[in-house]
Amino acid sequence: MNNYFIKRTGRAVLTLWVTVTLTFGLIRAIPGGPLEMLRARLVRQGVDPTRIDAIIQSRQEESQPIYVEYYEYMSSLLSGNLGESFYFREPVSSIITDALPWTVFVMVTATIILFAIAIVWGAIIAYKEGSTFDTVSSGLSILMSSVPFYVLGILFVVVLSYRFGIFPARYRTSPGVTASLSIQFVGNALYHAALPIASIVITQVGLQTLAMRGNSIQVLGEDFVRVARLRGLSDRRIAVRYVGRNAILPMYTGFLTLIGFNLGGSVILEEIFTYTGIGYYMFEALINRDYALMMGIFLVITTALVLSVYIADLTYGLVDPRVKSGDSSEAY
Amino acid sequence: MSMDQTTEEQVYRTDDPIVKIRDAAVTYDEGESYVLDHVSLDLDRGEILGVVGESGSGKSMLASSLLDAVPSPGRLTGEITYRPEGEEPVDVLELEKEELRSLRWEEISMVFQGAMNSFNPTMDLRTHFEETLQAHDADIKEGIGRAEELLEDLYLEPDRVLDSYPHELSGGMQQRALIALSLVLEPDVLVMDEPTAALDLLMQRSILMLLSNLQEKYNLTMVFITHDLPLVAALADRMAIMYAFRLVEFGETRDIVENAAHPYTRALLNSTPNLDAPLSEMKPIEGQSPAPINMPSGCAYHPRCPLATEECRTDVPDYHDVGPEHGSACYHWQESYDEVPLVYADSLGDTAGGESR
Amino acid sequence: MKHTESETGTEEEFSFGAAQSEVEVSTADRLRDIYREFIYKPGLVAWEDNRTRIGASILAVYVFIGTVGTWFYRAPTTNQSERSLQPFQTWEAPLGTTSSGEDVLAMAIHATPEMLIMILSGGIFATVLAVLIGTVAGYKGGTTDRVLTTFSDVAMSIPGLPLIMVLAVVISPERATVIGILITINYWAGLARSIRSQVLTIREHSYVEASRTMGVSTPRIIFKDVIPNIMPYVLVNFANAARYVVFASVGLYYLGILPTSVANWGIQLNNAYSRAGALSGGGTMYQLVVPMIAIMFLALGLILLAQGMDRVFNPRVRTRLAGESESETEDDEDAAAPTEVMT
Amino acid sequence: MSSDSLISLEDVEVHFTNESLLDFGDTKTVRAVDGVSLDVEENDVVSLVGESGCGKTTLGKTAIGLQRPTGGSVKYRGEDIWAIRDGDADTDTEWEDIRTSLQIIHQDPGASLNPNRRIISILSEPLRQVNPELSRGEKRSRIYSLLERVGMNPPGDFAERYPHQLSGGEKQRVALCRALLMNPDVILADEAISALDVSLRVEMMDLMLDLQDEFDTSYIFISHDLSNARYFSAHGGGKIGVMYLGELVEVGPAEDMINDPQHPYTNVLRWATPDLALRETGDPPMRKIDVPDPVNPPSGCRFHTRCPKATEACRQETPSDYQHGEQTVACFREDENHEYWDSPELTD
Amino acid sequence: TGGNGAGDGTHISYTNQVPTKIQYNPSNPTSYSQISHYLLFDRFANFNFARGEFQPYLIQDWQFNGDTYELSLRDGVTWEDGDDVTAGDVATQLRIAMLSGGAIAGFTDSIDVADEQTVVLNLTGDVNPQIVEYNVLGQRFMTQKESEFGEYVEMFEENPDQAQSEIQEFAYKDVIANGPFTIADRGNQQILLEKRDEHPDSDNINFDEVAFRYLDGNTAVHNSIGANELDSVYSVFAPPNVVDNFPDHIQMETIPGKTGYSLIPQHDHEHAGDRAVRQAIAHVLDRETIVKNVGDTLKQVPPIPVGIASDDQERWIGEISDSFDDYGVDAQQTDEAAQILREAGYSQDGGTWIDSNGNTVELPVTVPSGWSDWVTATQTIVDQLNDFGFEAQVDSRNFSALNGTTWPNGDFVLSAGGWLPGGGRAAYPYFSLHHMMLEHYRNFTYNYGPANPNRGGSNGDVTVPSRTGSGTMTVNPSDRLSELSETADEELVQEVINEQAWVTNVDLPMIPVMEKQEQTFLATDEWNVPEQGAEISQVRWANSWLIRQGELQYDG
Ligand SMILES: Nc1ncnc2c1ncn2[C@@H]1O[C@H](COP(=O)(O)OP(=O)(O)OP(=O)(O)O)[C@@H](O)[C@H]1O
Ligand SMILES: Nc1ncnc2c1ncn2[C@@H]1O[C@H](COP(=O)(O)OP(=O)(O)OP(=O)(O)O)[C@@H](O)[C@H]1O
Ligand SMILES: [Mg+2]
Ligand SMILES: [Mg+2]
């Protein structure tokens, strides 16, 4: 279509490739390959030692020189094949297909909610700059940001799940609830996602609110807002079209990249809530040295990150008329 | 000093003022110091008034006062009366929020210093026009028609400009578009606060020229604020000179230029390069203008004034009648003629009113 | 160079008008200058702002605990007190003990120095690398820029937490410094990118051009003209990186991914969770709460400092508070540095 | 063009090719400076005037070696500075010497001083470059005496301040001091007074002119205000150049340019320069207000789209330089025999 | 009953595997079922830890006849598809085990089907019948039906490599059950079993469903127990304070884990390799305190540091236990330790022990990070060693690094490691002594002289003071254990065991510290179960075994 588009796409692809290669190398460097982990697991299962040796022996043949593995991995990647999970004995792609929607659901919902809150709250604080409300809100924002999301997650589990039993402590849905588009299913899924989402929202909303506050205060000081007031525009319109729009714009890329970032954070979050999304499997894969699965999930998260930055770059021109796509609108 | 307020007698009234300003004062610190120090002035119907002063002398405060739009947390006191033709006078500072909203832009509108930032960068210009019309319950179609005509009067292509975003226009074009926006509701009074400061001279002059055409066409009353005295000289009917938040001299433009009766005005005139005059020494004004927090006592200009006497140091001078409609807040206005000679005096005679090549 | 050719001429040229009496600058003066410039005034400004004041106090408490505190308070060992003591029962172990009789307070206190080292190393690593790459890329432009930008692009695209986890397993870091660096292994990238774009603007400033015109060397321009300008931003991000180090390290310890050779609140969390059954209502919540509070206050201190810090480096605010006069009032303070928000 | 001019520009072109500044897709070339020749002598003052965006700054920076021209040559004392820069020149002149000899003062007094450094530190920088052997005390005393010289008393007080503690005029003086401490041959004053209050401009210009004699420098003075340019050039005994869309349309001694402008565009500038004579402003002596797009400059004489005197010939053909007394003018009206006189006037 | 309102008597237990991923082919090591197969398939026999012997189940009787070993099947057991469970099925299962490298291959020539109900193992030469018994019956479930798995046996004969890999790949998910339950439903969160009325023991069961709910990690299980969501739990670790917090109706059963924490010395190390130092360490350790620190519901204290599991010491060496050194079960015997060290030429320098060369005795203890009970034990050990004057510290390392490099390379001074091989088998001293002296199952290269070469040893002799009186004795553990494995003579068995146990007690190839306890929890509110500690519950795992035996019944 045009120069910038092609260049930017090229760079995204290059980035992906380098990342894939790098992670491929890194993951191979993990001490204790899958076989050692398998041995450990068999020992724990009480399989008799001679059989363990036999099993390990028979699996040994599976490993190949690293460049062959790399070549094969890359070529099968290109054909859409992510390989098979060593631990789960299942195609990686099927594990990811099963897990990814849930993670995306939690993280995207959380990020959208937190931005929605941050934008409204931040704007209101900005309007009341200097008031007690401002002081209290800013203080609260800072306070909330000083809690790591997993700490809040643990607290939620302890208090809301274990102590009071208000929310479920684990799972994507209750046992026995099958996936369908029924209200029961959706409601159940939301119910189970409530705590993970809440722990992300609450711990991350503070800084975004402060950012929005800062942006809004800056915009409020702009001449065009003053002129708009003089022109007799309604306060509502000024708040939305003038202050809101211009203050939100700088947060747009932050929004997309935070989604990508949070996908990476799902490793801890899902572990705490036993939420079998990609983060959960990432952890399992790491523990079990399941290279293929690890790579697959790594790749998915990386792609999400690259993609979100890519989309941010390409679409920034659409949301901000000052920047035509292709101008210096890099997300970072 | 803030105690002595100008009395009614000292105001040079005009017959049919469209806006009467009495004792307008702006303070940012509960009256500790004033950034507009009790200014009284009449704005004649249909005239162009030029307000000239150094940076920070309170010009913008005066301009904002006319619309009761002093940036918060500033406090405006005094009396500002708007007298529409054939209707009851309106006390601007007493208006309800809604009334003020309709007074602004419909009756008195304003072009700001720095047009570059007067448009919402994320909205095209048509929307700016439409929302303004809408906010004042005007007919949008008719209004846009008027806007197109105005833009054309300002040498702009209406369609292109209306469909552009602010950043797609050059500074001069934005400035003209802003002028069109300020006139779209057909106000009676247009206040312009250094509308051209950021532009190059050619554009400034072009806009000035267009403004005088518009003023005739729409029968506008205009207040034109600038720090560039020669710029307004050709445009304004009357001029008001501000120094340190006060009005120090006012009068008809020709009177001011030829017979300035305040040492500050004269020094200002002297420091201005002048093309038509033979090359001679121009004289800068020594020293700096005061800040609101440490204003000199008495006449604020006395630390820089060659004529300053003890009196100047202690008492704020009243306005002295210098000529018809011409006042000067100086005890020594008469001496100033000789003590501060106008360096271009010689050139005035033969070129005044003459045609340029 | 010119001065060597026309030494005397230059001398003459400069000996104009009112001869200046000898201007003596003693070393003491310079030291006092430095003190005023880099300690007294920033301190004054910092103190003026509630956020920095509280933030700095909190951090000071941590530093105190991490240095002096570890000297005065006993190190944790097993069976130093009765097992599973609840908090506030005895002076011997004010915050209770674990099920193997370790003093919980001692554990929390003795985890502090390592955490501070981790923060420092991570923060310094991330910011120094980001500043280096960001400024060089931004200032140099061209191929250098393209290479460095691609490099940071890639670094940024690798998902941070998973990468750190993999690396943690690969190298099993045992030293706090290494862990700090590991955690910020790609944190710098985003920072480098935003520094780069700021440098792109700064390098167009006319004072930079003036320096170039004078033939000032590039490194000197970068250090004198460019970096001081991004300093507030960098420091804010140092604090943010530090907070990230706290969060990530504790998280990784909690998950049991980092070796337990370094004392850490995350290990306490992990113990409380997996051994003491704090989550299951074994009456051992205090073992969970103590490290949580330690983490949260440290993070709070860092955020407060970050939020308030940009003022310290703004010379405008600095001189105003230091009681020097200002002749101009019209310019506003520089807009606060944009806050890069990443957990 | 004499080769012993301090600086001589020959047929200089500066074209900016930008891929994404205006629109993505095909690249656009801004012809910021197009075929300009100009000499700056020792102790000379050359003022450049013209509308915003006409290329004054670009030309100025090219002249002092801050901008590499895409065509033509820039010579310093007869030697091509870019050849020296690239090490291609066969000469003793060092790039460092040239670099220190050509200095700049910027328009915005605020932006041209590093807000994080004290005045003393800002002013020490040039001495560091030129006289690195000076002791701290010596540097300080030189700076103090120069500060006194430009009227900043007491220097000790000013030296310890930060830029934001100075007024606009004072900042600009510091910028001037900084340039002077390099002991330069040429100072480019790019709109150096435009941002100052009217009352301060004259003072600043006078100061610069005073120092011109003391320091033996030449100035390239950029302004959009013809009267300032005249004041400066006339007092410095130099010339004024009028630029339009990257081209130099008229150059000549200051007084001649004011009193007897030849090019219609010079006339326009003259019209635009306000004075106190209270003439009726009248309509501008041009057909359009807005400047054409520098990416697609008009054919022929670039001014033809706005020129009140343009004819069909101006659209077709580019005028060459004509000599009118001491002025050099690029307009057909100087050539009495040109077909210009016969072609139909442009009206749109 | 369980939290999910299965008031009709669904027994809810837990699994720590993602239910959809569980598979039931024992030859496939990945995702092999950990609990549900206890109800889906009949086990050959069940080892009772209290009695120390197998209880017949699918295999009703077993007979050692010198060169054959005969197994007799229970009558009336059928597969879900209607077929009977036959000797052919049992033979298939055993053949696959033998062919795929199981320990059976070590003493079995071939496996024959004598008749519908009888399988005969033809033994190779002399073999200790106990060893055969443990290997054939231990932890074996009737899963590999001949009609389903028979092809692999053939394949093994033609192409062992292919067979090996194919059978390992085969994820047996659509199972044909033969136990009292079969799979009704699997979801992401639970696997649901329903009763099979055809099973001979189904009459013992008065409820229809068993659900294994997926719970990840001990804490989740603790909480579910606390929240009354589970009716039984197998093998979960709950420290005392957690157990104390469980509702009153939760009954805990423990069985010995037959494995546990010991310090494995690097015998090449100048200090750890010195018997005097090892004995000193053993004296210095207060095992009781260590176990208390870790949690006494989780661990038990081995009465004597010796190569025999704690509970089995009484049975095997009970009569002569007085002659063994217990090194102080609940005391830090520092005087004894100091004396031993002094005699061996060590001395104290400002509280710290140095050897005759003046080198400080530094004893870092390597432990897998994240194994929190082991880390706690290690910390306590290190503290005790430091108290005594050794320079010890915790050296915690990544488990995979330990497993992959540290242990196989012998890169440690003292390492935490298991001193028993685990499972019912470990109750027989042959296995535990073999594990301690010859071949540690986790690939520890600890360079103990008598150990097998692949563990850094040379199968050499060892000389120790004689147990009964003065003088010393020199034995070759490797040879003696071989003897043990090949004899059916009870006296010889006892003699070798006594002798080798003594060697481990004196020479301390490893220093046993504690033994793991496996906990099982049973809810008694709606379920009738035997009283706590009943002999019948001392099995793996009580919940499944009691159900089959009619000892766990719904009473809601
Ligand atoms: N928000 C404010 N708070 C305090 N003082 C203010 C504020 N805004 C303006 N001032 C002061 O009011 C005085 C007058 O300001 P004003 O803007 O009217 O000057 P001006 O004549 O328009 O100057 P310029 O030519 O620079 O626009 C100045 O001294 C300024 O510092
Ligand atoms: N670095 C650059 N890249 C691309 N285009 C440029 C660059 N610098 C200048 N230009 C363009 O070159 C033209 C001339 O610019 P220049 O700054 O020389 O004008 P000027 O006469 O100094 O204007 P002003 O009076 O506004 O300072 C303008 O159209 C400008 O947009
Ligand atoms: Mg103003
Ligand atoms: Mg310019």
Side-chain angles (χ1 to χ4, degrees), chain B residues 54-56 154-156 170-173 176 199-210 212-213 227-235 253-254 257-258 267-279 281-286 288-289 342 344 347-348 351-357, chain D residues 49-54 151 167-170 191 194-207 223-235 254-255 258-261 265 267-286 288-291:
Chain B
E54 278 174 295
S55 180
L154 287 161
Y155 282 53
L156 292 169
S170 72
M173 292 162 106
R176 281 176 281 158
L199 304 175
D200 69 57
L201 264 182
L202 184 49
M203 186 54 75
Q204 287 189 23
R205 289 287 281 194
S206 306
I207 288 180
L208 238 58
M209 180 254 329
L210 296 174
S212 77
N213 294 347
H227 59 252
D228 201 353
L229 196 151
L231 191 71
V232 275
L235 181 75
T253 305
R254 177 173 294 270
V257 173
E258 290 172 3
L268 195 61
L269 287 166
N270 275 346
S271 68
T272 311
N274 189 15
L275 269 194
D276 282 303
L279 194 69
E281 296 305 318
M282 290 183 278
K283 296 207 183 73
I285 311 176
E286 300 288 334
Q288 272 183 31
S289 56
L342 290 179
Y344 57 91
S347 66
L348 279 177
T351 46
E355 269 294 314
S356 78
R357 258 162 293 211
Chain D
V49 288
E51 267 165 293
S52 182
C54 69
S167 74
E170 285 160 353
E191 312 260 18
S194 309
L196 301 181
D197 249 26
V198 182
S199 51
L200 289 174
R201 290 182 185 171
V202 181
E203 197 179 348
M204 188 71 202
M205 283 194 283
D206 285 343
L207 180 61
S223 174
H224 57 240
D225 186 337
L226 203 52
S227 53
N228 287 330
R230 175 215 190 187
Y231 186 86
F232 199 72
S233 276
H235 281 278
E255 283 302 306
I258 301 305
N259 297 324
D260 189 18
Y265 183 64
N267 229 339
V268 170
L269 290 183
R270 209 183 172 294
W271 166 85
T273 312
D275 56 42
L276 297 166
L278 306 182
R279 276 174 274 109
E280 275 302 303
T281 24
D283 282 343
M286 57 181 176
K288 283 202 178 78
I289 289 181
D290 292 300
V291 199

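All values reported here derive from a predicted model rather than from experimental measurement. Letters A, B, ... are given to chains in the order of the sequence lines, protein chains preceding strands, and every chain is numbered from 1.
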Side chain / backbone / both / neither for B:Leu199 at chain D, heavy atoms under 4.5 Å | backbone
Rounded to the nearest 0.5 Å, what separation is found between the CD atom of D:Glu51 and the OG atom of B:Ser170?
-> 10.0 Å
Relative to chain B, which segment of D:Met204 carries a heavy atom at a distance below 4.5 Å: side chain, backbone, both, or neither?
-> neither
Atom OG in D:Ser223, atom CG in B:Leu201: separation rounded to 0.5 Å?
-> 7.5 Å
With sequence neighbours excluded, tell me which residues meet salt bridge (charged side-chain N to carboxylate O under 4.0 Å, His left out) with B:Asp228.
-> none
Examine whether an atom of D:Tyr265 lies under 4.5 Å from a heavy atom of chain B, and if so say whether it belongs to the side chain, the backbone or both; otherwise answer neither.
-> side chain
Could you give me the CA-CA distance, side-chain angles and deciding distance for B:Leu202 and D:Val268, then say whether side-chain contact (heavy atoms from CB on, under 4.5 Å) is met?
-> CA-CA 8 Å; B:Leu202 184 49; D:Val268 170; 3.3 Å; yes
Enter the distance from B:Met173:CE to D:Ile289:CD1 here, rounded to the nearest 0.5 Å.
-> 10.5 Å
To the nearest 0.5 Å, how far apart are CD in B:Gln204 and OG1 in D:Thr273?
-> 10.5 Å
Evaluation steps, side-chain contact (heavy atoms from CB on, under 4.5 Å), between D:Asp290 and B:Met203 | CA-CA 8 Å; D:Asp290 292 300; B:Met203 186 54 75; 3.7 Å; yes
Taking all heavy atoms of B:Arg205 and all of D:Ala272, pick out the closest pair and write down the distance.
-> CG-O, 2.6 Å
When you measure from the side chain of B:Asp200 to the backbone N and O of D:Ser52, does any donor-acceptor pair fall under 3.5 Å?
-> yes
